Amino acid sequence: MQTKVVKFGGSSLADAAQFRKAAAIIKAEPERRYVVASAPGKRFSDDIKVTDMLYDCFDLASKKENIDEAFAKIEARYNGIIADLGLDFSLDKEFRKIRMAIEHHAGQDYVASRGEYLNSMILAKFLGFTFVDAESGIFFHSNGTFDDKQTYKALSALLEDVEYAVIPGFYGSMPNGTIKTFSRGGSDVTGAIVARAVHASIYENWTDVSGMLMADPRLVENPKVIEEITYRELRELAYMGATVMHEEAIFPVREACIPINIRNTNSPADPGTMIVPKSDRPVPTVITGVAGRKGFSSITIEKDRMNTEVGFGRKVLGVLEDFGVSFEHTPTGIDTMSVVVSTSSITDCKEALIGRIFRDANADSVTIDDNMALIAIVGRGMVSNKGTAGRAFTAIANRNINIRMIDQGSGENNIIVGVDEDDYTAALQAIYGAFVGEA
Ligand code: ADP
Ligand code: ASP
Ligand code: MG
């Protein structure tokens, strides 16, 4: 029998009705043996995710404030699910332990991880599956990076004798035994790691949309579903803001050539999106998708005859390295160089950074402009279609939007456009409209 790993996101496990949908999907195929679960997500748009409630509890405790009310709300979320599912099961002992740990200043990652821990216990009980704690199967190095060797060895051994299991997403253990989480949305990464560890035939990622869409559905009305996308394309879109899938979730499965299928828990008959190593399928729209993010700044350095000065770029980037700032893009002219960085990475060191670049690179001027949004136009079809960039730029210009920066990836399968944050939505809609038709 083949083995499928299925991951259910927060909205897919937000309440008892969603648990029932997830269980029906899991039970529909005996190959769906390993289930990775997120913490309960939003049930409606103003609802609060349990993970966010846990971060709030941690903040209250670290300010030495009372957590009674905040923690009671978390308990109520889980107790509601247990009661509505009609389970003869109590998490009271766990609640007491976690609460005590928060009051005794347990680490932030431990506190946040309890969202998936508790939800996975309920799901395991509801399905009649074994609960396997990620704490004993997913490991980090002491510098916080993922320890693939130890993890795959331990996790494969742990799951070898377990026919059906639920594993909490989002976290693992540090060498000293404390809990560490991946970054937000990290249950996607856990799912990919489990898929790799058990040599799954497929990694199904069940969420609240019918696959990866050509644009963020919160910005473009009814965007088309992408039927097939390569790991590389997905990573570029995910990194730039298509948050349906954590961009780091690609690596474990890509190395083992395990396809990912993004599916909709609320519409299980939809085929969703297949993520594959390589695709020969023609892209009817030229571009595969468009995604973007706000919150970037451009540092512009001017110096006459910069182009002839050997080592200029290294000096500028060396300053960024000293400040621990990573950069996204570096468009250059003959007398100017721009470096695009995330605004949050320089807020605490702006003045010092300007001073150092000025001095070390002997620049004529150094300026920083904030409020930039970056939009990535991504697609393997762009290489063989002339005029893609022109089409996108014309669509943006027709809306009277100024382009602040352009960068084309060297693989010719992505173009990055920088615009003012105020123009972000309109620019993204213009690009989508130019390739797919006005929504
Ligand atoms: P889960 O809780 O299942 O992990 P997420 O909230 O992390 O789900 O991701 C799904 C959401 O991602 C969608 O509801 C949608 O609002 C958002 N999203 C942003 N960009 C895209 C895109 N290009 N395609 C699909 N969903 C997107
Ligand atoms: N619950 C975590 C978060 O909200 C992880 C996840 O949902 O993937 O970020
Ligand atoms: Mg997610």
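For reference, positions follow the sequence shown, starting with 1. Only a predicted model underlies this, so the values are computations on that prediction, with no experimental measurement involved. Atoms within each ligand, like the ligands themselves, are counted from 1 in listed order.
Asn205 and Tyr203 share a donor-acceptor pair across their side chains, judged by distance under 3.5 Å alone. In this structure, a donor-acceptor pair under 3.5 Å is present between the side chains of Thr343 and Ser297. Lys153 and Gln150 share no side-chain donor-acceptor pair at under 3.5 Å. For the residue pair Asp420 and Asn371, no side-chain donor N or O sits within less than 3.5 Å of a side-chain acceptor on the partner. Side-chain N/O atoms of Glu116 and Ser187 include a donor and acceptor closer than 3.5 Å.
Taking the six-membered ring for Trp and thresholds of 30 and 60 degrees, Tyr164 and Phe129 have ring planes inclined between 30 and 60 degrees apart. Ring geometry for Tyr152 versus Phe146: interplanar angle over 60°, hence perpendicular rather than tilted (30 to 60°).
Interface atoms of ligand 1 facing Ala215, defined by a heavy-atom separation under 4.0 Å, are 22 (C), 23 (N). Each of the atoms 3 (C), 4 (O), 9 (O) of ligand 2 lies under 4.0 Å from some heavy atom of Arg184. Each of the following atoms of ligand 1 lies closer than 4.0 Å to a heavy atom of Lys7: 4 (O). Against a heavy-atom cut-off of under 4.0 Å, Asp208 is close to the following atoms of ligand 1: 10 (C), 11 (C), 13 (C), 14 (O). Residue Ala242 approaches ligand 1 through these ligand atoms, each under 4.0 Å from one of its heavy atoms: 20 (N), 23 (N). Counting atoms of ligand 2 from 1 in the listed order, those under 4.0 Å from a heavy atom of Ser38 are 6 (C), 7 (O), 8 (O).
In this structure, Ser11 is part of the shell of residues with a heavy atom less than 4.0 angstrom from ligand 1. Within the 4.0 Å heavy-atom shell around ligand 2 one does not find Gly10. Residue Pro217 places a heavy atom under 4.0 Å from ligand 1. Under the 4.0 angstrom criterion for non-hydrogen atoms, Gly211 is in contact with ligand 1. Look at Gly169 and you'll find every heavy atom at least 4.0 Å from all atoms of ligand 2. For the ligand labelled ligand 2, residue His246 lies outside the 4.0 Å heavy-atom shell. The closest approach between a heavy atom of Ser12 and any atom of ligand 1 is not below 4.0 Å. Note on ligand 1: Met245 sits outside its first shell, no heavy atom being nearer than 4.0 Å.
Within the 4.5 Å cutoff, side-chain heavy atoms of Arg380 are placed close to those of Arg281. The shortest side-chain heavy-atom distance between Ile122 and Leu13 does not fall under the 4.5 Å cut-off. Side-chain contact between Tyr432 and Asp216 is absent, with no heavy-atom pair separated by less than 4.5 Å.
Distance from atom 2 (O) of ligand 1 to its nearest protein heavy atom, with residue and atom name: Gly10 N, 3.1 Å. Nearest protein neighbour of atom 3 (O) of ligand 1, counting heavy atoms only, is Thr207 OG1, 2.7 Å. Of all protein heavy atoms, the one closest to atom 1 (N) of ligand 2 is Thr51 OG1, 2.8 Å. Ranking protein heavy atoms by distance to atom 23 (N) of ligand 1, first place goes to Leu213 O, 3.0 Å. From the protein, the heavy atom lying nearest to atom 6 (C) of ligand 2 is Ser187 OG, 3.4 Å. What sits closest to atom 9 (O) of ligand 1 on the protein, heavy atoms only, is Val244 CA, 3.5 Å. Looking from atom 16 (O) of ligand 1 to the surrounding protein, the closest heavy atom is Arg218 NE, 3.4 Å.
Looking at Val209, Asp216, Val220 and measuring to atom 20 (N) of ligand 1, the nearest heavy atom belongs to Asp216. Closest heavy-atom approach to atom 7 (O) of ligand 1 among the candidates Ile262, Thr243, Thr265: Thr243.
Taking any N or O of Met212, backbone or side chain, none lies under 3.5 Å from an N or O belonging to ligand 1. Annotation: Asp188 places no N or O atom under 3.5 Å from an N or O atom of ligand 2; distance criterion only.
When heavy-atom distances to ligand 2 are checked against a 4.0 Å cut-off, Lys49 comes that close only through its side chain, counted from C-beta outward.
Judged by a 6.0 Å distance limit and a 45° cone about the ring axis, Arg99 is not positioned over the six-membered ring of Phe95.
The residue from Glu328, Glu248, Glu247, His246 that alone fulfils the side chain to side chain donor-acceptor pair (under 3.5 Å) condition with Tyr239 is Glu328. Partner of Asp47 under the salt bridge (Lys or Arg N to Asp or Glu O under 4.0 Å) criterion, chosen from Lys73, Lys42, Arg77: Arg77.
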Show your reasoning for whether side chain to side chain contact (heavy atoms under 4.5 Å, CB included) applies to Phe131 and Ser120.
CA-CA 7 Å; Phe131 170 80; Ser120 299; 3.7 Å; yes
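Taking the centre of each ring, Tyr171 and Phe140 stay at or above the 6.0 Å mark.
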